[in-house]
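Counting starts at 1 for both ligands and their atoms, following the listed order. From a predicted model like this one, the values you see are computed outputs, not experimental measurements.
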Amino acid sequence: MNGVEERRTATSVLVIGTGAAGLRAAIELADRGMQVLCIGKRRRDDAHTVLASGGINAALGTMDPDDSWEQHAADTLREGHWLGNPVSVEVLCREAPSAIDDLVRWGARLANEDDGRLTQRYFGAHRWRRTCFAGDYTGREIQLTLGRRAAEVGVELRDDVYVTRLLVHEERVFGAYGFDVDDGRRWLIVADAVVFAAGGHTRIWRRSSSRRDENTGDAMRLAAEAGCRLRDMELVQFHPTGMVYPEESAGTLVTEAVRGEGGILRNAAGERFMERYDPERLELSARDRVALANYTEISEGRGTEHRGVLLDISHLERDLILSRLPRMYRQFVDLAMLDITQSPMEVAPTAHYSMGGVHVHPETHATDVEGLYAVGECATGVHGANRLGGNSLAECLVFGRIVGAEAARWSAELGVQVRDRDAIDAARHEIDDLLVRRGEEFARPLQRAVRDLMSECCGVVRSEGGLNSGLARLEEVAGREEHLEVRPDIAGYADLAHAFDLQGSLLAARATLDCALERRETRGAHNRADFPDNAPEMRVNLVWTLDGTVTHELLPPHSSDVDFAERELETPDRLLE
Ligand SMILES: Cc1cc2nc3c(=O)[nH]c(=O)nc-3n(C[C@H](O)[C@H](O)[C@H](O)COP(=O)(O)OP(=O)(O)OC[C@H]3O[C@@H](n4cnc5c(N)ncnc54)[C@H](O)[C@@H]3O)c2cc1C
């Protein structure tokens, strides 16, 4: 083991991930009297969840008393183009109101009306106002609330452990292995059950609304190598407007509210191109249409120097911009030294949300590995081919509570605890082997190569030729990965983390390309230039296994309680994040 110190610890349930999903599971476990250790690889108050801005859904009916969980379910299934699992969707929509009750009880400062009711606003494609929010900092408020509550109920939390392997013996999990990101000390954590809440894979595209080193696909690698199947990996939501410049900020979200407030999209020739794509709704068209329009303008050569289009709000009064879009004003000043009250923003579609992920049971979120549960953005089932804005935070809280309860039950009922020395040794050697590798390749440029190929071959619009070329390029990058040089230095073990992130990205990219090839249709966020129509026989989930096999999984029918009455999905002035 290279003489590096190893810390060993045991807990009843290990939670991997300190975002909304992981924290909510950990709170439930502690509430049930379980010993729980919750770990993450990034500062506890800065998980990806803090980026969520717009809000969280629950059919509370505080503003629109006609709202119901059934209508919430209908909106979710319809927006997901019928690929969401109706059982999971029903659980989500029934339970979301009590998730909000918990948040309020634990002190979350959600917006209120003067009479004390929670304020709920419209989000795109919802029939009623059902999105609760805390300004445009909803994710941060939820993260802080859950973090505070976790401390109150005695959750042990560490935010310096990078998990490199889930420990499994004969398809039953018994812990995880990893290292301290600061000093490289190894961690061997044994547990009766593991809750896995490690996020998505949207950072494998060049433009992504995730920050550096998060959502690199490591969740998918860890789960798949532990024996889990992945599902619908091709289904990735592209937000129409992310920053394109400067390069290090590429992908950072430009809120839909800019268009809601009257922002105009133009190409490099100054043409208001939405007149050609949706002459009626123009910039307020549905997000997938605007994303497709932006993509087409850029790919057909009418984009800007930085391969974006222009989003202009400067025709509005400066004071109005500052009062309605303060976060955007600050974002462009800080990141691009650009005053959006004077100049247009350069934007392009950005990879935003992983609808696919680890295959789970629709109610319990148990995975294929006994004792292992997956939850939050790393899991799949609720969102189908397109996520309804505001449903992700709700999913984290609803299923976080459920997996907490399930893992507690599993641990309490466990007859025999297993350990497997070979599995632990394999995890140790995996790190040792990386640390002694000497070669001419470095993780960052290879990550970049993955992001380039995914953007060019598997972006907003896909085709068989492009996807096959993506697979060939990916194989070439995987070959170079074998010559990686990993050198932790005095500043920490980031280099080792990058090496594992790269492995995660390679696996997540392969699964995404394989599934995108198999889905020979256009549905929701998945656009195939060579199959531009919806194919009824493809109303199935695609299940991917480590050997590259993709199989079709039928969906159960939806409940007769759910009302699918025809109606307008998108209306102007509704936010979409
Ligand atoms: C700009 C933006 C705006 C959004 N707005 C909304 C919104 O308004 N409403 C909404 O519902 N959703 C929104 N979303 C989506 C939502 O924020 C996320 O889907 C959600 O927060 C995911 O939470 P999570 O707990 O599943 O994962 P994360 O918050 O991503 O947490 C993952 C955790 O896993 C840990 N981890 C990962 N890999 C490892 C490893 N190898 N070892 C150890 N730890 C690891 C990380 O450190 C982290 O603690 C938005 C997303 C973005 C980017």
Exercise. Looking at D67, T62, D64, which hits side-chain hydrogen bond (donor to acceptor under 3.5 Å, both in side chains) with Q120?
Worked result: T62
Exercise. Looking only at heavy atoms of A219, does any of them come nearer than 4.0 Å to an atom of ligand 1?
Worked result: no
Problem set entry | Within-cut-off N or O pair, G376 and ligand 1, under 3.5 Å | no
For this session: Only heavy atoms count here, so choose which of R24, R158, K41 is nearest to atom 44 (N) of ligand 1.
Result: K41
Exercise. Just wondering, more than 12 heavy atoms not from R444 lying within 6.0 Å of its CZ?
Worked result: yes
Exercise. Is the side chain of Q503 donor-acceptor paired with the backbone N or O of T164 at a distance under 3.5 Å, no angle test?
Worked result: no
For this session: Using non-hydrogen atoms of the residue, decide whether I56 is closer than 4.0 angstrom to ligand 1.
Result: no
Exercise. Which is it for R387 and ligand 1 at heavy atoms under 4.0 Å: side chain, backbone, both or neither?
Worked result: side chain
For this session: Check whether any side-chain N or O of E141 sits under 3.5 Å from a backbone N or O of L110 as a donor-acceptor pair, and report yes or no.
Result: no
For this session: Check for a donor-acceptor pair, side chain of W205 on one end and backbone N or O of C458 on the other, with a separation under 3.5 Å.
Result: yes
Exercise. Side chains of N215 and S208: is there a donor and an acceptor less than 3.5 Å apart?
Worked result: no
Exercise. Any heavy atom of H352 sitting closer than 4.0 Å to ligand 1?
Worked result: yes
Exercise. Is F500 touching ligand 1 with its side chain, its backbone, both, or neither, if touching means heavy atoms under 4.0 Å apart?
Worked result: neither
Exercise. Can an N or O of T18 be found at a distance shorter than 3.5 Å from an N or O of ligand 1?
Worked result: yes
For this session: Run down the list D501, L393, T216 and name the one with the heavy atom closest to atom 10 (C) of ligand 1.
Result: L393
Exercise. Can you tell me if A20 has a non-hydrogen atom under 4.0 Å from ligand 1?
Worked result: yes
